[in-house]
Amino acid sequence: MAQGRYANIIIDISHEKVDKTFQYKIPEKLLGVLEEGMCVLAPFGKGSHLRQGYVVEITEKAEFPDHKQKYIEDILRDSVPVEADAIRLAAWMKRNYGSTMIAALRTVLPVKRSMKPKEKKKILRRMTPEEVRSLLGESIRKRQWAKARVLSELCSEPVLPYSLVTGKLNVSPATLRSLESEGALSIESESYYRNPVKIETAREGGKQLSDEQRRIVEKILSDFDAGKRSPSLIFGITGSGKTEVYLSLIEGVAARGKQSIMLIPEIALTYQTLMRFYKRFGDRVSVMNSSLSAGEKYDQYERAKKGEIDVIIGPRSALFVPFPELGMIVMDEEHESGYKSETMPRFHARETAQELARIKDAAFVLGSATPSMEAYYRARKGEYELFTLTRRLTGGTLAQTSIVDLRKELKSGNRSIFSRKLQELMEERLKKKEQTMLFLNRRGYAGFVSCRSCGYVMKCPHCDVSLSHHTGERLVCHYCGYEAAKPARCPSCASPYLLGFKAGTQQIEEQLSKRFPGIRVLRMDKDTTGTKDSYEKILTAFAAGEAEVLVGTQMIVKGHDFPNVTLVGVLAADLSLNDSDYRSSERTFQLLVQAAGRAGRGNKPGEVVIQTYRPEHYSIIRAASQDYEAFYKEEILYRELAGYPPAAHMMAVLITSPNEKKGEGLAGEITRRIRELTGGGKTIAAQPSGFPAVKIIGPAKASIGKINDVYRFVIYCKSADYRQLTVIKDKIEQYVGTLMPGEESVQFDFNPINSY
Ligand code: ADP
Ligand code: ZN
Ligand code: ZN
């Protein structure tokens, strides 16, 4: 709850500039009741007429002398307009994630200015065909050929496109105006919407749902009708029919006169997915994504506002499309890291969608083949209702998976990137004219150092994260700042092969050509997919059989079905385990399960080879057996023990400054204040006892200690209670606000996806 006697208010957002706020005093009766984001009535302007406004901030800081300020009249309780919901959401984002109100408002109202609609003109006949014919005769006699051309068309057509007449018929606007004044025709303009995607396709009904699918749809819709609003998590492997369930749900919601938002990670927004939605919803569906122009975006907003569409598909920004009666938010592949915003406000679409659904009284449905720890944790606690889809509807069985120990390969003299097993199976595929996908797990590639002989990874003695290799043969911990020189030999087995893993997709391509002369390879990584088009092109070429092997990074594990792929090789499965990040096991598990899911999508059985230095690691063993439940149980134990999300919450405080000393000083001062506030890291003094302790880690230099000559420092706070962290955040914000304006900045990141 915000403290303060003054409220900064935005008056009637549709008429005033969003960024301008007016300050009012809060009357006695509303002190402690009024909240940011609430809709109020306040006297405004010369006549002090009561106007509607939105509280964007509650503060102790008076902007004017007290006697000059007016009081808020009251809280407006009924009929909250759409804009107010957006402001409430923005205020929630500010509270929850730490951001300026303006940044939050800009996020929820991405289009502020209204845009002129595009117009299409047409020409309407205003006379009977007989009258037109006689006028035509007259103009021919007078040799007015341009007039004659229009009139002769109008004899048979009552409506002509303006562009046709001025273009193909070569008639000047002056001629048309003269015909208009004679009463022969009229020129009308019709505004139309910019359409970001043009997919012309026949509408198609849904598939006959399987029993499993039907039960999910019926339960969620009947809960919806009964006003039950706990979120639902649909857990089903790829191809188990989740999208078909979403389509039916959205259809059900539309039949009830409400609209839906379909969230999809940007990378998964493929032509095929869009096609399925266009087939089902025709022009009642629209798309939102980052490549739309401002005009295109604005038009989608207008169409949504007017109730002209039933569903919008898009990445996290689709959340802010203003539907009059939002009924449902669906979030596919909810585990994807792209759902977290990496700029202020650093919001996560999962929590934000849940809050929006709460504000709008809408249903919230999440789906994934490998649910995030967060979502599954909530499902286990009963916060989410859990549904499972167990069968793959596309046919094909789960691939047979083997784990290859790369340490043993080295011992037996194989120094190639490809294990003997993988080479053998690839040879088989080449003979059978089937395809192979090779996946290089590149995350963490930059930093960590491991022993090629025994797999030992250099770790921080204080933090249980791997050390990063910095220039000058230094090893550094990104969490606590611990530093050490890189030893010449492995501390575990004394081998001299203590190295960073160096193999890019390009090296793999080269090695393939050496090992299998004449082999055709397609490569997909950041270098080969500069444009969105190139991504589709490579996949299409591979699907058409233009190569035997597709080599790639994370990108290839998503999207398309390749029925002829019967072998998937994961070249260095444990690379992502070495991120100095508590999510590394989860990420590894998800990637491996997804990669394995690429094999055997058709009717031929698939095989998967996972190459790793750490065959004993649970994320690798569980991914190989596709056992999500077992993975979850082990992982959550670790999170609980170490106090990481979702078992507890974590807040990163990022301090940046172009001056290293000043940045370091401010980070130290903030840490000191947090310790003071939390009684030396125990709990917040002002909170009732029994609150969980706050653990403070840092300050430390961020893992990228300097970007563009700006130094970065980070402090982590962990607590089982999210609100404690927001209290700390508010206090730091207050403290930072009292400082002289300098070049330092302080930002917050709640439950960060990547470590700093
Ligand atoms: P997911 O979203 O879980 O990957 P999809 O909904 O895309 O699964 O379904 C996988 C494939 O199975 C698609 O080709 C889809 O058309 C098909 N499919 C889904 N549900 C059914 C059904 N009830 N009957 C027949 N085919 C279905
Ligand atoms: Zn450390
Ligand atoms: Zn070793």
Side-chain angles (χ1 to χ4, degrees), residues 199 201-221 232-253 260-281 285 311 313-315 328-336 338-339 364-372 375-376 379 386-399 437 539-540 543 556-565 568 590-591 593-604 606 626 628:
I199 297 183
T201 173
R203 299 272 292 252
E204 248 175 42
K207 302 221 158 47
Q208 174 81 38
L209 293 184
S210 71
D211 284 350
E212 273 186 337
Q213 288 172 317
R214 192 173 38 75
R215 247 174 277 146
I216 297 175
V217 172
E218 280 172 2
K219 177 73 167 65
I220 292 178
L221 287 179
S232 310
L233 171 64
I234 302 175
F235 174 15
I237 54 169
T238 318
S240 62
K242 294 184 296 296
T243 308
E244 204 62 31
V245 168
Y246 307 149
L247 287 161
S248 295
L249 286 171
I250 292 168
E251 208 164 49
V253 169
S260 302
I261 295 170
M262 177 77 220
L263 294 177
I264 279 185
E266 183 107 41
I267 190 165
L269 195 57
T270 60
Y271 186 77
Q272 279 98 324
T273 310
L274 283 183
M275 199 60 180
R276 283 173 79 180
F277 278 84
Y278 276 82
K279 275 190 176 147
R280 193 68 82 85
F281 297 102
V285 58
V311 53
I313 312 179
M328 180 176 285
I329 304 172
V330 180
M331 184 176 187
D332 191 30
E333 305 201 40
E334 60 79 29
H335 61 275
E336 275 294 321
Y339 279 125
F364 181 34
V365 176
L366 306 94
S368 176
T370 49
S372 63
Y376 206 65
L386 181 65
F387 297 97
T388 51
L389 285 169
T390 51
R391 285 188 310 121
R392 195 176 251 186
L393 295 165
T394 36
T397 43
L398 278 183
M437 278 169 97
L539 293 177
T540 311
I556 63 170
V557 305
K558 311 213 159 99
H560 292 235
D561 263 349
F562 302 106
N564 201 34
V565 170
V568 168
Q590 285 168 351
L591 280 171
V593 169
Q594 280 174 21
R598 293 284 114 199
R601 299 299 283 267
N603 36 28
K604 296 168 213 156
Q626 304 261 328
Y628 179 88

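Worth saying up front: this structure is predicted, and the values here are computed from it rather than measured. In listed order, ligands and their atoms are each counted from 1.
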With heavy atoms of [X] as the reference, note each atom of ligand 1 found under 4.0 Å away.
| X | answer |
| --- | --- |
| R276 | 5 (P), 6 (O), 7 (O), 15 (C), 16 (O) |
| I237 | 3 (O) |
| S240 | 3 (O), 8 (O) |
| S210 | 23 (N) |
| L209 | 23 (N) |
| G239 | 1 (P), 3 (O), 4 (O), 8 (O), 10 (C) |

Any donor-acceptor pair under 3.5 Å from T388 side chain to T390 backbone: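 Here the side-chain-to-backbone pair does not exist.
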Do [X] and [Y] come within less than 4.5 Å of each other through their side chains, counting heavy atoms only?
| X | Y | answer |
| --- | --- | --- |
| L233 | F387 | no |
| E333 | P265 | yes |
| V311 | I261 | no |

As a check for students: among R214, K207, K242, identify the option with a heavy atom nearest to atom 27 (C) of ligand 1.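 Comparing heavy atoms across R214, K207, K242, the nearest one to atom 27 (C) of ligand 1 lies in K207.
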Under 4.0 Å, heavy atoms only, figure out whether ligand 1 is touched by the backbone of E244, its side chain, both or neither.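 Both of them.
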Please work out, at 4.0 Å between heavy atoms, whether the side chain, the backbone, both, or neither of Q208 comes within that distance of ligand 1.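 It is the backbone that touches ligand 1; the side chain stays farther off.
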Sequence neighbours left out, what passes side-chain hydrogen bond (donor to acceptor under 3.5 Å, both in side chains) with R280? Give chain and number order.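 With sequence neighbours excluded, R280 shows a side-chain hydrogen bond (donor to acceptor under 3.5 Å, both in side chains) to E244, E251, given in chain and number order.
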Set of side-chain hydrogen bond (donor to acceptor under 3.5 Å, both in side chains) partners for Y339, sequence neighbours left out: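 So Y339 forms no side-chain hydrogen bond (donor to acceptor under 3.5 Å, both in side chains) with any residue.
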Is the closest N or O pair between T238 and ligand 1 shorter than 3.5 Å?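 Checking ligand 1 against T238, no N or O pair falls under 3.5 Å apart.
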Any side-chain donor paired with an acceptor under 3.5 Å for Q594 and T238?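 No.
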Go through the side-chain N and O atoms of E334 and S372 and say whether any donor and acceptor fall under 3.5 Å apart.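 Side-chain D/A pair, E334 to S372: present.
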Can you find a non-hydrogen atom of L389 under 4.0 Å from ligand 1?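 Distance cut 4.0 Å: L389 fails for ligand 1.
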